[in-house]
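The structure appears right after this line, and notes come after that.
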There are 2 protein chains.
Amino acid sequence: MAQIKTLTVLGTGVLGSQIAYQAAFSGFEVTAYDVDDQVLEQARARFARLAGIYQAEKVSDAAEGKAEAALKNLRLTADLADAVADADLVIEAVPELLELKRDVYRRLGELAPAKTVFATNSSTLLPSDLKDFTGRPDRFLAIHYANNIWVQNIAEVMGTADTDPAVYDAVVEFARNSGLEPIEIKKEKAGYVLNSLLVPLLNAAAGLLLQGVADPQTIDKTWRIATGAPSGPFQIFDVVGLTTAYNIASASPDAGSQAFAQHLKENYIDQGKLGVATGEGFYKY
Amino acid sequence: MAQIKTLTVLGTGVLGSQIAYQAAFSGFEVTAYDVDDQVLEQARARFARLAGIYQAEKVSDAAEGKAEAALKNLRLTADLADAVADADLVIEAVPELLELKRDVYRRLGELAPAKTVFATNSSTLLPSDLKDFTGRPDRFLAIHYANNIWVQNIAEVMGTADTDPAVYDAVVEFARNSGLEPIEIKKEKAGYVLNSLLVPLLNAAAGLLLQGVADPQTIDKTWRIATGAPSGPFQIFDVVGLTTAYNIASASPDAGSQAFAQHLKENYIDQGKLGVATGEGFYKY
């Protein structure tokens, strides 16, 4: 397994654009693919905004101009065959729809050269749900990024039982070379490590609120003081976004989760309070 | 309900001594009670050590000598009647044994003046488990402190349905006046706020370890980077102490908890690795 040098990212949404930009910023030649030129125009704007953020936050003590220069390492295309023709690694960050993803892998398997490793950034699916559609289960795994990649700079790397260990190691090395802390996951697990820890904490906080034990401010304050964390669970909800929190809660059969989904809808979402992104959620920003 | 000015703490163990010292440091007249003179000698040593810590860590920007001077506000006695004769508030921090605590409240109810408010620091019992033994359920509630009170300066205040709201408010004010951030809990809840949040996180981390998903270092690193917290769950286990973690896990009927208890016993406790206190647990210190 040769070192990974060229990257293609499929999908230029919130996370796809961050994945592509972060790798470009770290010196990789990156191709960003999305479905048409209109979407690619939006992607261009996202990349420019990311360059501004990296510049302003002096990510990795970046020298003046490095964030802007990184844009030169990014090539945008709406032609999938062209996008993957020379890719060592393809990271798939398309919407979380099983059939859509399976279809993407079917096409990818035909278009990409034999050397190309495929990795899904899916948060909600296991790589085992997708591997049979890749045509190369030994060169397929998951690499999962957190939002605001320049701060939460982890990449959770998780294979299936079929993933070639040399491929796994090469992707871990790629994560490190692209400025991220690789989180090596030894066994397939829904939610990876981060969400496996975070979701129970957030559920517990939601339970305390719905049971009338304490208000969000009190719950958050307790967590911050007792653990030294910068944010309590309701501050985390606001960052994640209340629509995402609603989608996860309403998808759960658990009665408490259903009640929390309802609470979010009635008190926040229906009033356009979606969290940090809209300037108000559990808190005002 | 008059303002709380005098405090008696029953029990001078790890937490009882911190509760008493913190109040003395904040200017309260404090009586510390324990069963005999030998235990009180140990208490004296604990108080002296706490004064050293408060001095070294410059708690609340304490002026030179304040930590030492606080020792003068502490009176030690092994005579329960004498201990509570003039107490506005008695905080009970005796071992977590239901019958022992009930017996303490029976005696207290007879010995303390009518004005005295009783508060339990129990982590594992609800105040409702004890209220009928106090002879004054309207003047009884829980005030729960975290270990290392000078850093984790919260006091969770939780009443029963019988607690007089004026008493509740007076205890909240006392907590604030003794340099703590009161956490107002509106409804009885096992685990209060803090442990209701912390236990699910720690259980999830234990599950990831036992399932072979990732090692403690990887799990902790993920949590620290993604949430900005200073410590991951296994670092928290080491601070809490692995014996406590074992006791909690082995008391749970859940198979995962039982397996974790066994893991702790075989790999750590049987080898004297009890966490930070012994210099080694999941990590070396």
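By convention in this document, chain letters (A, B, ...) are assigned in the order of the sequence lines, proteins followed by strands, and residues within each chain are numbered from 1. What you see below is based on every heavy atom in this structure, not just the backbone, and it leaves out hydrogens, waters and symmetry mates.
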OG1 of A/T222 to CD1 of B/I183, rounded to nearest 0.5 Å, is 3.0 Å

Given B/A214, B/G228, B/G207, B/P182, the one with more heavy-atom pairs under 4.5 angstrom with chain A than any other is B/G228

>> With no hydrogens and no angle check, just 3.5 Å: does a side-chain donor-acceptor pair link B/K187 and A/Q211?
In response: no

All heavy atoms of B/A229 vs all of A/P230, minimum pair found to be N-CD, 3.9 Å

Rounded to the nearest 0.5 angstrom, the OG1-NZ distance for A/T218 and B/K186 is 7.0 Å

Checked B/N148, B/I219, B/L201, B/I225 vs chain A; the most non-hydrogen pairs under 4.5 Å come from B/I225

Output for pair (A/Q217 CD, B/E184 CD), nearest 0.5 Å, gives 12.0 Å

Among A/L198, A/V199, A/V193, A/V239, the residue with the most heavy-atom pairs under 4.5 Å to chain B is A/V193

Cut-off 4.5 Å, heavy atoms of chain B, and the answer for A/V151 is backbone

> Can you find a pair of side-chain heavy atoms, one from B/W223 and one from A/L194, that are under 4.5 Å apart?
Replying inline: yes

The single option from A/L202, A/N203, A/D220, A/L208 that satisfies side-chain contact (heavy atoms from CB on, under 4.5 Å) with B/L197 is A/L208

Bottom line for A/A146: the part with an atom under 4.5 Å from chain B's heavy atoms is neither

